[in-house]
Amino acid sequence: MRRIGATTEAHGVTPVHSFVLTTATVRTLLSSLRLLSLCLALAAGLTAAGSGPALALDPVAVTLDRPAINLGRAVEFVQGEADRVSVPTAPGADGIVRRMEIRQTQATSSLTWAVFALSNATDEQVDRLIVVPHYRLIRSGLIWPDLGSQRIVSLTPSQGFRPERQSAVDQDVFLITLDPGTTVTFVAELRDPRLPQITLWQPDAFKDRENSFTLYRGIVLGIAGLLALFLTILFVVKGSLMFPAAALLAWAVLGTLALDFGFWTRVMELGPEAVRFWRATAEAILSATLMIFLFAYLDLNRWHVRYTVLTAIWLAFAGGLVTVAWFDPSIAAGIARLGIGIVTILGTVILVYLAFLRYDRAINLVPTWILFMIWGGAALLMVTGRLNNEIAAPALLGALVLLVMLIGFTVMQHAFAGGTVPQALVSDSERKALALTGSGDIIFDWDVGANRIWVSPEAEQHLGLRRGALEGAATKFVEAIHPADRDRVRSTLDTVVEHRRGRLFEEFRMRAADNHFAWFALRARPVVGSDGEVVRLVGTLTDVTEYKTAEERLLHDAVHDNLTGLPNRELFLDRLDAALTIARSDETWRPTVLVFDIDRFKQVNDSVGMAVGDSILLTVSRRLARLLKPQDTLARLNGDQFGIILVSERTPERITAFAETIRKTLRAPIAFGDREIFLTGSLGIALADGTQRGREDLLKDAELAAYHGKRLGGDRIEVFKQALRAQKTDRLALESDLRRALERSEIAIVYQPVVRLADRTLAGFEALVRWDHPRLGRLPPGEFIAIAEETGLIVELGLFVLDRTARQLFQWQQLMPLDPPLFAAVNVSSRQLLRHDLLQDVKGVLARAPVARGSLKLELTESLVMENPEYAAQILQRIRDLGAGLSLDDFGTGYSSLSYLQRFPFDTIKIDKSFVRADARGVRPVMLRSIIALGHDLGMDVVAEGAEVDADAVELYQLGCDFAQGFAFGEPMTAEQATRLLRDATAQAA
């Protein structure tokens, strides 16, 4: 069979769209694309021929026993010239070949004619119907599909009566009559050069076939309509988002079926061009609703805004396809069919991934989606022509309705299975709601099914937002959270919903109306329905801004000096360690440590007072900070000692010049009132030359150099030399001996009695530590406590003293139960207080020695507590809660705020002996009475140190002091001596 190339279709006026296109460029572009598509189609199916082809038609024999004959293979296409075509006829019974010349009847035809011949070999006159459908899904194409059109404009026979066009809305039907023994050639003028199908039917058989398909189409349309209506009603009843998505998909399928079955054509009398537009629109809507259903049912846009944006983009894209369909429906339909394929592939990937994660919705949809994939494969085979059967297209459309029905059942199964909360749980929730109302907490309620969050009005009032600003979709609530916390909150909430159990505790920041952020703590738990799915997430929101601020301040104060705000020794060593780590990998990076110690600062403090001394330290720290570059570090190591990690200067000359600048800066006078204070300092320099073992060694070298400069008179700059270590041999030996002192049982504890002044009875003891050195004899604390503080051994030493004292106190209380019970006091150093393990140490000691509550007292100096009052207040309160007592030692010698002191949970204050001793005239300081009265006003017991003679005790009692200790009542003694003293005191009382 020969096929002829076709020309482009002439554009006429669309019968249902009465408007004038204003964008000529768009119309020209789309027309060009359509021309290209037609040329490609005709190039694949037609062969070129001239105006006078030498056709060799083979007539198709028409018999009485065949109800239908497919004429597709008998048709030959001829390209005409101008407005006419000339073709030879098939030879008749006489063998003569004649020629027919046919003129074009309509200007809108394609100048392509279809030619075929029929022969009546019977001895009866035969009536037949030639049927050509306007649209056929089979072989319609994927990229630029054939969406239907009027196919035959006119049908001309070579002899006999002119065929009569029958009334039909979606196909061209002609009634022909063939006389007995005749051969008739038919020339069909085509509006579109493509013929999807041409069939010769017996009239009765055609009528029966149409009646059968009409019944089938009516049943399928009825089922589709009822399904769409039912899903819409379910949406009104249930209100879940998955129902409108499923209903939209059902309505889109119903609209597509109504077009393919010719329902809209019959009801609205649409022309072929209008049908092409609506068919392309229906396929675009079908692809959009399919994707909407996937996102709504799988709830992928619950927390992630990107999914909502993706859905919106897809909807906008579908709307754009409708616009394109107005100009060229074939292009829009091709893109829509590709879109359905993309959604199918994307949906498969998402379903497999979520099913692997055991997401119930995805698992429930998998069987239906597998059937949908099979349907999609059959549709692909059909439009490409690999599946060609008369009943394939109706069956495929009916299967689509069944798929939507299965989707509806899946949605109903998920939405209604256990969707209500049991009555007992509701009753319990009501009781909890009353309790929450009474507590005043902010209520948080997330309806997972409806994806809506509700919070109490107090949350919006606290943040200064309008009422309802935090209510609505979960995305709206999450957008109010700090960007750094959003992903963590989303992940936590998703995890709770997926696991369907557990308690949720999450802290995050929320934006207020003035753009500041407040901290909230969310405590919630899931409410699970009978189907095992989470239906709600309920809990409370608590404003924890003050707690978080205090926590951040504690974290800051833990590594910063409370007075100057500079890094403390711990942070300084950490940064030094980081600098040394970089130096190991970068030879050009050589950090230098400078230790700066103010000369004779203790005398300055004594002359001007602690308050002025603190101001001087602040001034010095600010002067030093101005000399440093951003990469350098300035820290306050202790007291009047500052440390510098210098990395901005690397050559010895510039390092020395920098040190000289520091020395000169310090020598500048500091104005105070009407006087000026002149300071000098000793500065030690240690270079990281690789000989040090670590950060501690490098810092010790710098301290040793500064100490050497101080010994030489101060106001000097000393660079560390190896020879300086020899001068520290004695100190190092003492340090080495101290490390082994505990192992060798060289540490001894002595107890100094504390007497109750009212009746002169023994009330308790203060534990004091002594070191029985094997060579140097018994050493007082002043000779080794500083070394222990510097080396960190004070922690181990303090725990030893605390544990040994508690055990001894427990034995005394068991031996001699008194009322009130005997107590013992133990000193605590700064290293111990700053350790987070102090609470565990105290708890362990009290567990091993269950002494009476409050009888084991921890003594802390006033200056130690005021180094970090916020941190100290929290730690001391927790120590008090464990059952230990707290005593404030050396009261009155430090510089503190009384507003802070009344916040500390001390039960005892100890007056320093400098306030107890009388002067040369025998007069005690006038502040003594005020201190005692202040202690009683704060609800504390008062202990006076330094009671040397009995007269001291008498006068202290007259001033209202509760307890006293000193040589008047006994010197520090061993535990055995203290036990005998207790027995004697008990015997005398008896």
Side-chain angles (χ1 to χ4, degrees), residues 216-264 266-268 278-279 281-302 307-308 311-312 314-316 318-319 321-322 336 339-340 343-344 347 360-362 364-365 367-369 371-372 375 397-420 447-452 472-473 529 531 533 535:
Y216 172 79
R217 292 167 180 170
I219 294 173
V220 172
L221 283 177
I223 295 174
L226 289 175
L227 180 60
L229 184 61
F230 178 69
L231 291 175
T232 304
I233 294 173
L234 286 180
F235 164 62
V236 176
V237 173
K238 184 66 176 176
S240 178
L241 186 62
M242 64 183 73
F243 281 110
L248 281 176
L249 180 61
W251 285 111
V253 170
L254 178 61
T256 302
L257 293 178
L259 279 171
D260 287 345
F261 290 165
F263 177 81
W264 296 123
R266 292 179 175 85
V267 172
M268 304 179 63
W278 287 113
R279 182 167 284 116
T281 301
E283 292 184 1
I285 294 175
L286 183 62
S287 67
T289 54
L290 182 61
M291 187 169 188
I292 292 173
F293 168 76
L294 277 178
F295 277 90
Y297 177 78
L298 297 177
D299 209 12
L300 295 179
N301 62 333
R302 184 193 323 169
Y307 296 133
T308 304
T311 305
W314 188 262
L315 290 177
L321 288 182
V322 175
I340 293 175
V343 172
T344 303
D360 289 345
R361 293 192 184 186
N364 291 339
L365 191 61
T368 303
W369 196 259
L371 294 177
F372 179 78
W375 180 90
L397 296 176
L400 183 59
V401 176
L402 294 179
L403 285 174
V404 176
M405 185 179 297
L406 288 176
I407 288 174
F409 288 156
T410 304
V411 170
M412 286 187 293
Q413 176 188 2
H414 179 81
F416 287 101
T420 58
D447 187 342
V448 178
N451 193 27
R452 294 187 64 83
D531 62 340
E533 289 289 336
V535 295

Chemist: Given Val448 and Val535, is the side-chain contact (heavy atoms from CB on, under 4.5 Å) satisfied, shown in steps?
Modeler: CA-CA 5 Å; Val448 178; Val535 295; 6.0 Å; no
Chemist: I need the minimum non-hydrogen distance between Gly408 and Leu231, along with the two atoms involved.
Modeler: CA-CD2, 4.0 Å
Chemist: Could you go through residues 281-298 and list every donor-acceptor pair under 3.5 Å that involves a side-chain atom there, pairing it with any protein atom two or more places apart or in another chain?
Modeler:
from: Thr281; atom 1: OG1; to: Phe277; atom 2: O; distance (Å): 2.9
from: Glu283; atom 1: OE1; to: Arg337; atom 2: NE; distance (Å): 3.0
from: Glu283; atom 1: OE2; to: Arg337; atom 2: NE; distance (Å): 3.4
from: Glu283; atom 1: OE2; to: Arg337; atom 2: NH2; distance (Å): 3.1
from: Ser287; atom 1: OG; to: Ala284; atom 2: O; distance (Å): 2.7
from: Thr289; atom 1: OG1; to: Ile285; atom 2: O; distance (Å): 2.9
from: Thr289; atom 1: OG1; to: Leu286; atom 2: O; distance (Å): 3.0
from: Tyr297; atom 1: OH; to: Arg361; atom 2: O; distance (Å): 3.2

Chemist: In this structure, are over 12 heavy atoms from other groups packed under 6.0 Å from Phe230 atom CZ?
Modeler: no
Chemist: Show me the donor-acceptor pairs, under 3.5 Å and distance only, between side chains in residues 397-405 and residues at least two apart or in other chains.
Modeler:
none

Chemist: Roughly how far apart are Thr256 OG1 and Trp278 CH2, rounded to 0.5 Å?
Modeler: 12.5 Å
Chemist: If you measure from CG on Leu254 to CD1 on Ile223, what distance do you get to the nearest 0.5 Å?
Modeler: 12.0 Å
Chemist: Do Arg217 and Asp260 sit within salt-bridge range, that is, some charged N less than 4.0 Å from a carboxylate O?
Modeler: no
Chemist: Taking only residues two or more places apart in sequence or in another chain, which ones pass side chain to side chain donor-acceptor pair (under 3.5 Å) with Asn364?
Modeler: none
